[in-house]
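For reference, the structure discussed in these notes is given below.
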Amino acid sequence: MARFQPVSSFQPVAEELVLLPLRFERTKDARFIVSNLVGDLITLSEQQLREVVSLNLDPGSDLYALASEKFLVMKKGSRASLQLLAMRLRSRMAFLQHPTQLHILVVTLRCEHSCPYCQVSRQSTDRGRYDMPWETAVRAVEVALSTPSKYIKLEFQGGEPLLNFELIERIVPHAKKRAKTLDKELQFVITTNLALLDEHVLAFCLTEDIQISTSLDGPADLHNRNRPRPGGNSHQLAIAGIRRAQAVLGKHRVGALMTTTEQSLGRVEEIVDEYIRLEMDGIFLRPLSPYGFAVKTKQFFRYDAGEWLRFYEQGLRYILKINRDGRYFPEFYAALILRRMLTDRRIGYVDLRSPAGIGLGALVYNYDGKVFASDEGRMLAEMGDRSFELGALEGATYVSLILSDKLVDMVSASLTQCAPQCSTCVFEPHCGADPVYHHATQGDPVGIKPLSEFCARQKGIMTLLMRLLEESPEDAAILRRWAA
Ligand code: SF4
């Protein structure tokens with residue numbers, strides 16, 4: 001009598017498999033990036049992909065294990081895989097349970113800078129009719145606080161909001177009082193170029209717990225060229241303002257954004273060094289947007305997605321080196337995308353969402369009482385295109401704005417989950433519908449994605465991040481830490 005069972009008894013039993021939803025895209029080196037329903041990304045050879053989609057998988061093989069683990073296939077009739085996928089999808093879409101947390105008040109359109117890439121079409125300082133009146137601000141706060149979310153961020157923008165600082169001084173205590181009665185928690189941000197920052201403004205920000213967000217484009221010559229003002233001292237004032245604000249409010253209460261112009265290309269390391277020198281906690285490498293003076297002065301057309309991606313990669317590699325040398329310093333856009341790619345956590349960033357973040361993620365109350373679905377929407381309005389204007393504050397409620405036909409149409413038309421190109425794109429779970437960008441550049445909220453610079457940049461960045469995650473374990477560990 002045999003003491004052992006035959007070998008065949010120890011081999012895995014072939015199971016009937018079914019294919020789960022997946023997307024794939026050929027890479028330049030003739031391999032395939034493959035993603036499942038929730039965007040877990042792997043790279044396969046053509047042969048491996050063929051075996052997966054034809055369900056020609058040997059039980060017990062590495063490919064069988066990988067395809068099961070990555071939810072590309074499952075056992076027929078298995079509910080566990082579907083339940084897990086559904087749970088992860090729900091978690092990724094949880095941003096829909098937190099409606100409109102960001103409310104932007106454009107307290108003035110006046111500004112003392114005259115940046116040729118200005119996206120808001122600022123007005124000169126003497127034009128008081130571009131200031132938001134008190135009654136409009138009060139109404140904006142009422143609508144913002146009627147949002148179902150408990151946590152509301154009120155951001156003061158311009159123009160240069162410090163040119164109408166009296167309004168901010170009145171509106172902050174008023175909003176806090178109203179929030180207390182309604183059991184809401186408020187956060188405040190002033191987006192300012194800091195040129196008008198003084199002790200009085202700083203003391204107010206400290207007392208009222210207000211964060212500062214500013215613009216810093218790099219070293220002095222580059223910044224001053226991008227951001228002209230009388231006296232040519234924008235950089236000097238910004239640096240002095242950042243240092244004073246850091247000292248009074250704390251480093252974590254002061255953030256800065258840079259904008260990439262044609263002059264920035266080739267200087268990314270100097271730009272990053274400037275942020276390091278100022279002890280900022282990271283950098284957001286941002287391309288120009290197609291709005292306002294950036295279009296009128298043709299700044300927007302001076303470089304394309306390919307040139308920008310080269311700039312971005314050089315910057316990201318340099319930033320990784322800084323991290324390898326021991327300084328934690330994330331590139332914020334990469335961190336946002338990595339969070340999408342490597343975790344199922346919801347993210348607050350409105351441009352990386354589908355359904356789009358217009359209205360649902362942010363509302364903008366303009367100085368003249370008009371309400372817009374996004375900051376870029378009000379920028380378009382200053383150019384004469386009112387497509388993203390949802391109505392007037394007078395008589396509006398949060399519900400009437402959010403359920404307006406215009407917004408519902410734009411959001412439903414632009415869903416990446418069913419838009420041409422996006423619905424089959426391997427990066428769709430990590431991308432976003434950006435109807436304002438595509439409306440501005442192609443006259444259509446969906447857009448033709450192969451012609452879209454937004455799409456080219458998104459694909460370029462995500463492919464680069466995948467490559468970096470695979471290239472070196474040390475860089476992968478850094479990138480994973482950014483996503484945490
Ligand atoms: S915009 Fe481009 S990268 Fe983003 S999901 Fe659509 S096709 Fe993919």
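Positions are given from 1, in the same order as the sequence printed here. Every number for a ligand or one of its atoms is a count from 1 in the order of the listing.
With respect to Arg88 and Asp344, a salt bridge is recorded, a charged nitrogen being found less than 4.0 Å from a carboxylate O.
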Apply salt bridge (Lys or Arg N to Asp or Glu O under 4.0 Å) to residues Arg378 and Glu382 and explain how you reach the verdict. CA-CA 6 Å; Arg378 67 118 173 171; Glu382 296 299 337; 6.0 Å; no
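Distances below 4.0 Å separate heavy atoms of Lys449 from the following atoms of ligand 1: 1 (S). Every atom of ligand 1 is numbered from 1 in the order shown, and the set under 4.0 Å from a heavy atom of Glu428 is 5 (S).
The closest protein non-hydrogen atom to atom 8 (Fe) of ligand 1 is Cys425 SG, 2.4 Å. Among protein heavy atoms, the minimum distance from atom 2 (Fe) of ligand 1 is reached at Cys455 SG, 2.3 Å. Closest protein heavy atom to atom 3 (S) of ligand 1: Lys459 CG, 3.5 Å. Closest to atom 6 (Fe) of ligand 1 among all protein heavy atoms lies Cys422 SG, 2.3 Å.
At least one N/O/S atom of Cys431, whether from backbone or side chain, sits less than 2.8 Å from atom 4 (Fe) of ligand 1.
Taking the six-membered ring where tryptophan is involved, the planes of Tyr349 and Tyr333 are perpendicular, since the angle between them exceeds 60° and thus also 30°. Using cut-offs of 30° and 60° on the angle between ring planes, the pair Phe388 and His439 is perpendicular.
Side chains of Ser215 and Asn193 form no contact here, defined as non-hydrogen atoms less than 4.5 Å apart.
Within a 6.0 Å radius of CZ in Arg277, more than 12 heavy atoms belonging to other residues, nucleotides or ligands are found.
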